[in-house]
Colleague: 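Submitted below is the structure of interest, expressed as structure tokens.
Each chain gets a letter, A, B and so on, in the order the sequences are listed, and its residues count up from 1.
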Protein chains: 4
Amino acid sequence: MARPLSEEKRDAILTAAADLVATLGIGASTAKIAKAAGVAEGTLFTYFPTKDDLLNQLFLEIESGLAEVMTASHPTTSDPRECVRHIWERLIDWGVANPTWRKTLRQLKVSGRIRPDSLRRFDIQFRETRARVERSLAGRSDPARMPFYIDTMLLGLAEIAMDAIAVNPGERERITQAGFDLFWKGTAA
Amino acid sequence: MARPLSEEKRDAILTAAADLVATLGIGASTAKIAKAAGVAEGTLFTYFPTKDDLLNQLFLEIESGLAEVMTASHPTTSDPRECVRHIWERLIDWGVANPTWRKTLRQLKVSGRIRPDSLRRFDIQFRETRARVERSLAGRSDPARMPFYIDTMLLGLAEIAMDAIAVNPGERERITQAGFDLFWKGTAA
Amino acid sequence: MARPLSEEKRDAILTAAADLVATLGIGASTAKIAKAAGVAEGTLFTYFPTKDDLLNQLFLEIESGLAEVMTASHPTTSDPRECVRHIWERLIDWGVANPTWRKTLRQLKVSGRIRPDSLRRFDIQFRETRARVERSLAGRSDPARMPFYIDTMLLGLAEIAMDAIAVNPGERERITQAGFDLFWKGTAA
Amino acid sequence: MARPLSEEKRDAILTAAADLVATLGIGASTAKIAKAAGVAEGTLFTYFPTKDDLLNQLFLEIESGLAEVMTASHPTTSDPRECVRHIWERLIDWGVANPTWRKTLRQLKVSGRIRPDSLRRFDIQFRETRARVERSLAGRSDPARMPFYIDTMLLGLAEIAMDAIAVNPGERERITQAGFDLFWKGTAA
DNA sequence: TATGAATGAGCCTTCATTCAT
DNA sequence: AATGAATGAAGGCTCATTCAT
């Protein structure tokens, strides 16, 4: 009757990893992560058999959080523009509220150590939001370009906007607005 | 009067570094880089005193190449749209022609090891192109948003487009077009 | 609760270090020391975070041993001359018994890598012996010269004598005697 | 008809080596020494085929200087005590005037890289001075102990005194006096 | 399960020496 | 003779992972 793995410790490790990866890149050592999490070096490996596993779980955890934010709140209006705008703002809110996670995410994406299936998982979680955006753009955007606009550009633009806000927090409102306008006008047929 | 530093070797090191950083990230070891460049481990350090120096030079070299491409060719028409389109296409061309350099650049940017002055150097080299874009957008874009459009969005969008093309080379034409349209329409007042 | 640090290994490392430093100087590599101690290269650093730390601990360990020898045995007589002589002989005994430690000590002293607080620690350990010598010289030596005689000359002379014995082991008795006479007569008022 | 070796460069290298060895120990790199001497890295090796050769030459050069100082000046009196005292003071003078050389010498002696024949050479140069001391001690010191007093103790004591002065320059007079007294009284029969 | 000591490959850098110029 | 680029073997230290406790 072995002691069960502690959710608490798992989270502590993940949080510590996020912090250190954001700061130091994926080169952050497992030893440092363990210490920051308040667990022993070896304990980390009972929760994540491999550093790669830890990194992948971290990716999943963060992307889940982001997807959740998207799914959690629905716009009250049925106006297409307002609907996309609502999503856009949730995206920006998330980025502003979680600067560390964003940095971590960037490091992870660039690291080449996130497995294809980890990447795919995100698409699934994002599916519902995606559908809402698609409905909102329907009729006013070239249907052939829809995947490009939604899968490639929407998140890409949001990231750029978040970066800009990170550098210039005082401009948050204006950047959010300008970014959204660019997307909305740019995707019109 | 002794053997002069060899431009050839310097370039070989830089090229090898670009290849390996693109593949392995900035964790690519100096030993591997030296071997790939066909020089002794120690030789790398007579050309670049430090790994950080190597990384910064690499950044500078790549950004210079990009800036040069922008500056080298001028549009024939004076039509503003065509002028920006010309620049946009040079950007995409460069990205498609140098996929390794793009990957390297991303790794370097995210690494936190590029010195501020290296980053600033790029702004200077890009200044002329920037001015041309500014002139082209003048009158049709909100002046207050100009810096955001040019400094933040133009290159950002181009990068997203390049990524999309890298994943889907057959769609090059359509992505290039769609990306440009998004920018051009999106930046209208 | 994990495997405890092993006193045994620590000592093996220290002993190996002493041997190699005596022979090769402080340039002796940590790799060689680890191998000689029968532990992995990395293990050395779990016992001594830094080569400098190893060197300082080594210094402390050796000086402690020496100080202990001084403190451990007390002369039976209260005759001042015999008292100093007793100390002098303990000193020489120690040197003869531990030729490697003496060589190591010399290397360490000359290396410039022993921290001031490591040096000071010895003074403290030596304090009791020092007091005994001071009492023995009292009355027959110039009080103003006392610190010079005890702190500077006593140990210095002993070292010279030990060196001479090391070169000429057969002369041990005579050198010991001659050295002591030199000190005793030389410090008379 | 090749260019002859330049005495000047040789000296510059030797001087630079002395400085750096004093500061850094024999670990001082040939590259640093060459740079400090104002010559190219390779040039050092046309003057000294090997680092060991350089170190041995350095030793010889410094010991020669010291021996020369001893031989150069003769005491005016024929009083034995004054004669030894004169020598003792030359020794101390030299040490105080050349702190760097003393440090260098200590490093070299301890390094184990000075060849036996280099060591022997000094004995020869010192022979004349030695004879003078021997004559001065004759009659008042135990003849059997003469070699110990002169070869071992005289220079050893002088070194200790020099060290003490180095630490406490203001006490120069007193230390010189106390050291000499110790030697003189201590060597009486 | 939790701990942290143990491991040895690998990392960046330095170095004495050689050799093309 | 003088120069300094080229070399590859160390050097000190870090790391992901294993395993005794």
Colleague: Which is more 5' along DNA chain E, the nucleotide nearest Phe45(B) or the one nearest Pro4(C)? Just name the residue.
Modeller: Pro4(C)
Colleague: Which whole-number value in Å describes the distance from Asp52(C) CG to dG11(F) P?
Modeller: 16 Å
Colleague: Give me the atom names and distance for the closest heavy-atom approach of Ser111(C) to Ile26(C).
Modeller: CB-CD1, 3.6 Å
Colleague: Over how many whole Å does the gap from Leu55(C) atom CG to dG11(F) atom P extend?
Modeller: 15 Å
Colleague: Gln107(A) side chain to Val110(B) main-chain N or O, any donor-acceptor pair under 3.5 Å?
Modeller: yes
Colleague: For the NZ atom on Lys103(A), are there more than 12 heavy atoms of other groups (residues, nucleotides or ligands in this structure) within a distance under 6.0 Å?
Modeller: no
Colleague: Between the protein and nucleotides 8-11 of chain E, list the N/O to N/O atom pairs that are separated by less than 3.5 angstrom.
Modeller:
residue: dG8(E); atom: N7; partner: Gly42(C); partner atom: N; Å: 3.3

Colleague: Roughly how many Å is it from NZ in Lys35(C) to P in dA6(E), rounded to a whole number?
Modeller: 19 Å
Colleague: Of all heavy-atom pairs between Lys9(B) and Val39(B), which one has the smallest distance, and what is that distance?
Modeller: CG-CG1, 3.7 Å
Colleague: For Lys35(B), enumerate each residue passing the salt bridge (charged side-chain N to carboxylate O under 4.0 Å, His left out) test, keeping only those at least two apart in sequence or located in another chain.
Modeller: none
Colleague: To the nearest Å, give me how far apart CG (Leu54(C)) and P (dG11(F)) are.
Modeller: 15 Å
Colleague: Find the distance Asp53(C):CG to dG12(F):P and express it as a whole number of Å.
Modeller: 14 Å
Colleague: Check this one for me: any side-chain N or O of Tyr47(D) less than 4.0 Å away from OP1 or OP2 of dA1(F)?
Modeller: no
Colleague: Ala16(D) and Ile33(D): which non-hydrogen atoms are nearest, and at how many Å?
Modeller: CB-O, 3.6 Å
Colleague: Starting at atom CG of Leu44(A), determine the distance to atom C1' of dA2(E), rounded to an integer number of angstrom.
Modeller: 12 Å
Colleague: Could you write out DNA chain F as a dot-bracket string, with dots for unpaired bases, | for bases paired across to another strand, and Watson-Crick or G-U pairs counted at under 3.5 Å?
Modeller: .||||||||||||||||||||
Colleague: With a 4.0 Å cut-off, would you call Asp53(B) and Arg115(B) a salt bridge?
Modeller: yes
Colleague: Send over the distance from Leu5(C) CG to dA5(E) C1', rounded to a whole Å.
Modeller: 7 Å
Colleague: Both Thr50(D) and Thr46(A) contact DNA chain E. Which one's nearest nucleotide lies toward the 5' end?
Modeller: Thr46(A)
Colleague: Whole angstrom is fine here: how far is it from CD in Glu7(C) over to P in dA5(E)?
Modeller: 14 Å
Colleague: Heavy-atom count around Arg121(C) CZ within 6.0 Å, excluding the residue itself: above 12?
Modeller: no
Colleague: If I compare all heavy atoms of Lys51(B) with all of Ala28(B), which pair ends up nearest, and what's the gap?
Modeller: NZ-O, 2.9 Å
